[in-house]
Visitor: 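Once you've had a glance at the structure underneath, I'll fire off some questions.
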Amino acid sequence: MNWNSLKRRISECTLAIAAAAILVSGSADIGIAADYPAKPVTIVLSYAPGGVADISTRLIAEQMGKKLGQQFIVENKPGGGGILGIQTALNAANDGYTLMLIGNGQAIAKSLFTQLPYDPEANFEPVSMFAEFGLVMFTGANSKFKSAQDILDYAKANPGKLNIGSINTGSTQNLSAELFMNVAGIDASLIPFKGSPDLVTATIRGDVDVGFEIYAGLKSALDAKQVIPLATTGSNRASNLPDIPTIEEAGVKPYSVTSWNALAGPKGIPAEHIAALNEAVAEALANPEVIARMADFGMEPRPTTPEALAERMSADVLKWASVIEDAGVAKQ
Amino acid sequence: MGFDLLSDLALGLQTALLPYNLFYCFIGVLLGTLVGVLPGVGPTATIAMLLPLTFSLSPETSLIMLAGIYYGAQYGGSTTAILINLPGEASSAVTAVDGYQMARNGRAGAALATAAIGSFVAGTIATLVIAMLAPPLTMVALQFGPTEYFSLIVLGLVASIALAHGSILKALAMIVLGLLLGMVGTDLYTGMQRYTFGHFELSDGINFVALAVGLFGVSEILRNLEHERGREVLTLKIGSVMPTRAELKASVAPILRGTAIGSILGVLPGGGALLASFASYAAEKKISPTPERFGHGAIEGVAGPEAANNAGAQTSFIPMLTLGIPSNAVMAMMVGAMIIQGIIPGPNVMTERPDLFWGLIASMWVGNVMLLLLNLPLVGLWVRLLTIPYQVLFPAIMVFSAIGVYSINSNTFDVFALLALGFVGYILTKLDCEPAPLLLGFVLGPLLEEHLRRAMMLSRGDPMVFITHPISAGLLITACIFLFVVTRPSIASKRSEVFEETD
């Protein structure tokens with residue numbers, strides 16, 4: 001956090017007090033669609049300040065605020081494996097003043113956790129998707145592997161010898177690697193790391209032969225040519241790495257993984273509010289500054305209808321359930 | 001190499017001398033002196049409580065300030081030790097022995113000046129030692145994979161038990177308790193929840209800041225509440241601040257020896273300021289042709305330990321900065337501060353954040369200059385601080401701690417954890433169990449497990465890798481030697497002798 005965000009926090013506090021005053025004095029007005037939003041809207045974020053999710057959400061929130069004439073406050077509530085933040089938002093009133101950032105992590109969580117205190121399909125009111133971002137399969141600059149094909153050839157000739165790295169077990173990155181091993185039919189060890197810097201260091205050192213990570217986590221190492229990209233995980237080539245083939249192009253089919261994040265709220269937000277929010281998201285995602293900053297993180301803006309977001313969630317719930325099942329990942 | 005060192009230090013000074021960083025360095029050493037003077041509030045507790053405040057600062061600024069508190073406290077602690085025989089800091093306990101006697105002989109000013117000058121000389125030399133040692137160590141660290149890290153952490157844990165203050169058995173118990181508390185949360189390798197008892201609040205583990213503030217901050221306050229300590233400030237004549245020519249001459253060698261002892265012990269895991277000052281006092285007494293003067297105002301007994309504790313405080317940054325492995329509780333908190341700022345401590349810090357790395361090192365020297373200026377002319381002011389009533393001080397610290405812990409995750413669970421851990425810390429100190437090894441175990445435990453399991457996964461279950469990798473083998477052998485040596489009866493009795501020098 002820097003001074004600006006501290007100042008923002010202070011102004012958020014001031015606004016929250018002002019909002020409370022409005023709430024007390026004129027609560028009868030709230031709920032009338034034409035007035036929405038009549039007070040600041042909070043977006044609960046299950047991530048710590050400073051990360052990709054935080055920065056991109058703040059950018060979008062700022063634009064949405066300009067469009068709707070109200071402050072959109074991003075409240076960080078990290079911890080509890082992302083569950084605490086979602087729970088906080090779901091426990092708030094479904095009046096459209098508390099929203100949350102969701103992503104395919106929630107689609108995974110549905111199958112991964114045995115005691116998830118909510119259902120990502122039944123309890124979420126979708127607003128719009130924000131962005132999609134593919135993953136990158138990469139290796140160290142000094143690695144003997146020069147292409148995805150090299151990896152596959154080696155793994156097939158030497159069963160059980162290849163080491164693949166990813167961040168935490170159950171993350172999108174980790175399950176993408178599981179899916180890769182499964183579809184390619186190779187026998188390798190999948191080694192989890194605490195965060196991308198640890199994974200990148202281990203890949204540069206050659207402790208692991210190949211890693212799976214989102215572009216944002218690799219950007220500085222890619223720019224410094226410490227690691228080289230071998231393939232991308234989307235069904236189409238990534239616009240920020242146009243020369244790098246997809247995993248399907250490398251012969252591993254069917255394979256397509258894109259991570260995404262989106263805006264949602266607790267179930268039951270009035271439809272007019274959802275429509276207003278959806279429009280504001282679409283406008284924010286057309287802003288050149290937002291597009292440019294997201295491109296830095298390897299994120300492609302993808303405004304959708306609420307229905308399309310709900311479909312994507314359901315499709316990914318099914319997809320990850322089968323990956324988790326096939327890979328034999330232990331339920332938490 | 002020589003030129004590199006100069007240009008690196010120049011880069012560091014550029015960062016350290018930015019007005020912003022100078023300001024926070026000053027705040028750090030000022031706070032350090034303050035808590036050093038006040039008995040019952042130590043640098044570990046202060047750093048723990050200030051951690052949340054630093055999130056709004058840039059990483060280099062926050063580390064510069066936190067480091068300032070640590071070595072600043074080494075100065076402040078000596079002031080009360082000399083003037084009122086009340087060591088503000090554990091590491092100043094030996095200074096009180098001869099420093100207070102000097103004060104009673106009317107040489108208080110000289111004792112204070114000797115302590116400050118000794119600390120300054122040691123601080124300057126230790127800064128150079130860090131600047132020279134850190135780059136080569138960083139090169140070695142880049143060779144470190146999971147196997148080497150595992151063995152290094154084993155060595156660190158063994159050494160910190162061996163060098164712990166007090167009973168070996170209790171230190172071992174505290175380390176193990178720390179290791180177990182570190183296990184709480186989601187297992188990295190399987191994703192399973194461990195010891196969370198169905199609380200999602202615990203799935204990312206026990207909050208580090210809540211643990212540190214609870215064990216050190218809250219528990220210290222609880223302990224102080226037991227009995228209002230006698231704090232009558234003696235209206236002692238401080239006397240001439242300038243030591244006599246003879247006193248200066250007698251101090252030179254102890255200061256240099258203390259610096260050497262402190263620099264070496266600071267690097268060792270579990271070492272740092274406390275052990276350094278005890279060891280230096282023991283050494284001076286042994287070397288002296290007139291050991292009978294010790295305990296009756298021997299200036300060597302002030303100069304040596306004061307130099308040693310400051311040198312030790314500073315060189316204990318070396319393993320943290322180069323390997324990312326904390327050697328004591330304060331360094332564990334520095335690691336925590338870096339991680340919260342998004343910096344992974346380790347060999348990459350020097351290459352990726354040279355401004356932070358060298359800025360922190362250079363700031364130590366800048367901070368030592370400030371401390372010299374702050375401490376000599378303002379001694380009277382510091383002593384008057386002792387009259388702040390605890391009924392004002394303690395509630396303020398408690399409120400501040402609770403807000404700080406809450407602000408990290410906006411989670412009330414962490415505030416309850418803070419309170420619970422405060423009581424745990426209080427009970428532990430009542431049982432004469434030091435919380436410092438616990439914190440070290442808490443930080444090192446998860447790393448130990450992570451690297452052990454990763455090394456075993458990479459070797460496909462073959463434990464021989466720890467012996468076949470030369471660096472790893474060397475570290476494990478060193479750990480065995482350590483274990484062997486401290487369990488020798490002759491060493492064991494010597495060990496308690498060193499620590500019980502002043503008890």
Side-chain angles (χ1 to χ4, degrees), chain A residues 1-7 9-10 44 48-51 75-88 112-117 160-161 163 165 167-171 174 189-198 200-202 204-208 220-221 224 324 329-332, chain B residues 20 53-59 61-62 142-147 185-194 196 198-205 207 324 339-349 351-352 407-411 413-414 446-447 450-451 453-461:
Chain A
M1 218 184 346
N2 52 27
W3 271 111
N4 281 332
S5 60
L6 186 70
K7 273 188 243 156
R9 279 227 160 151
I10 293 167
V44 183
E75 187 185 309
N76 302 89
K77 193 137 175 101
I83 292 171
L84 290 178
I86 300 285
Q87 237 179 338
T88 306
L112 198 61
F113 290 95
T114 48
Q115 287 176 320
L116 196 65
K161 287 272 176 67
N163 291 313
I167 63 162
N168 314 14
T169 301
S171 61
N174 178 262
S189 280
L190 178 52
I191 296 167
F193 289 80
K194 248 187 201 135
S196 2
D198 282 358
V200 168
T201 306
I204 296 171
R205 277 178 41 82
D207 291 341
V208 295
S220 60
I324 289 167
V329 178
K331 303 267 173 113
Q332 298 177 19
Chain B
Y20 195 63
L53 193 81
T54 63
F55 302 161
S56 58
L57 306 174
S58 72
T61 309
S62 66
L142 287 172
Q143 311 286 316
F144 274 44
T147 330
T186 310
D187 173 28
L188 172 68
Y189 290 95
T190 62
M192 297 308 283
Q193 305 286 309
R194 295 195 295 204
T196 58
H199 287 282
F200 286 113
E201 286 91 346
L202 283 174
S203 70
D204 288 347
N207 184 319
I339 290 173
I340 289 165
Q341 292 272 6
I343 295 171
I344 309 293
N348 292 332
V349 174
T351 45
E352 280 167 21
S407 69
I408 302 164
N409 286 342
S410 325
N411 196 334
F413 185 89
D414 292 343
L447 287 173
E450 182 187 334
H451 290 296
R453 289 172 71 181
R454 188 170 297 141
M456 294 297 280
M457 281 174 100
L458 289 170
S459 74
R460 302 293 186 268

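These numbers come from the heavy atoms of this one structure, side chains and all, not from hydrogens, waters or symmetry mates. Convention: sequence-line order gives letters A, B, ...; per-chain numbering from 1.
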Visitor: Taking all heavy atoms of A:L84 and all of B:F200, pick out the closest pair and write down the distance.
Guide: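 It is CD2-CB, 4.3 Å.
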Visitor: Between atom CG of B:N348 and atom CD1 of A:I204, what is the distance when rounded to the nearest 0.5 Å?
Guide: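 One gets 7.5 Å once the value is rounded to the nearest 0.5 Å.
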Visitor: Considering only heavy atoms, which portion of B:N207 lies under 4.5 Å from any heavy atom of chain A: side chain, backbone, both, or neither?
Guide: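 Interface part for B:N207: neither.
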Visitor: Using heavy-atom distances under 4.5 Å, tell me whether A:N174 contacts chain B through its side chain, its backbone, both, or neither.
Guide: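 Interface part for A:N174: neither.
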Visitor: State, with a plain yes or no, whether a side-chain heavy atom of A:P192 is found less than 4.5 Å away from one of B:M457.
Guide: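 A:P192 reaches B:M457 side chain to side chain.
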Visitor: Only counting residues at least two apart or in another chain, list the ones meeting side chain to side chain donor-acceptor pair (under 3.5 Å) with B:N411.
Guide: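 Partners of B:N411 by the side chain to side chain donor-acceptor pair (under 3.5 Å) criterion come out as none, since no residue qualifies.
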Visitor: Taking atom CG of B:D187 and atom CG of A:N168, what is their separation to the nearest 0.5 Å?
Guide: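 Reported value, rounded in 0.5 Å steps: 10.5 Å.
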Visitor: Checking A:K194 now: which residues fulfil salt bridge (charged side-chain N to carboxylate O under 4.0 Å, His left out) with it, not counting sequence neighbours?
Guide: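 A:K194 satisfies salt bridge (charged side-chain N to carboxylate O under 4.0 Å, His left out) with B:E450 once adjacent residues are dropped.
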Visitor: Sort A:T201 into side chain, backbone, both or neither according to what part of it lies under 4.5 angstrom from a heavy atom of chain B.
Guide: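 Contact with chain B is through the side chain of A:T201 alone.
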Visitor: Would you check if the side chain of B:R454 reaches a backbone N or O of A:D207 as a donor-acceptor pair within less than 3.5 Å?
Guide: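 Checking the backbone N and O of A:D207 against the side chain of B:R454, no donor-acceptor pair under 3.5 Å is found.
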Visitor: Which atoms of A:F113 are under 4.5 Å from chain B, going by heavy atoms: the side chain, the backbone, both sets, or neither?
Guide: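 Just the side chain, heavy atoms under 4.5 Å.
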Visitor: Heavy-atom pairs under 4.5 Å with chain B: which of A:G170, A:S189, A:S171, A:G195 has the most?
Guide: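 Maximum pair count with chain B is reached by A:S189.
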Visitor: Given heavy-atom pairs under 4.5 angstrom as the criterion, report whether the side chain, backbone, both or neither of A:I167 touches chain B.
Guide: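 No part of it gets close to chain B.
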Visitor: Taking C-beta and beyond as the side chain, do A:I191 and B:R453 meet within less than 4.5 Å on heavy atoms?
Guide: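 The answer is no; the side chains never approach within 4.5 Å.
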Visitor: Considering only heavy atoms and a distance below 4.5 Å, find which of A:A224, A:G160, A:G206 pairs most often with chain B.
Guide: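 Ranked by heavy-atom pairs under 4.5 Å with chain B, first place is A:G160.
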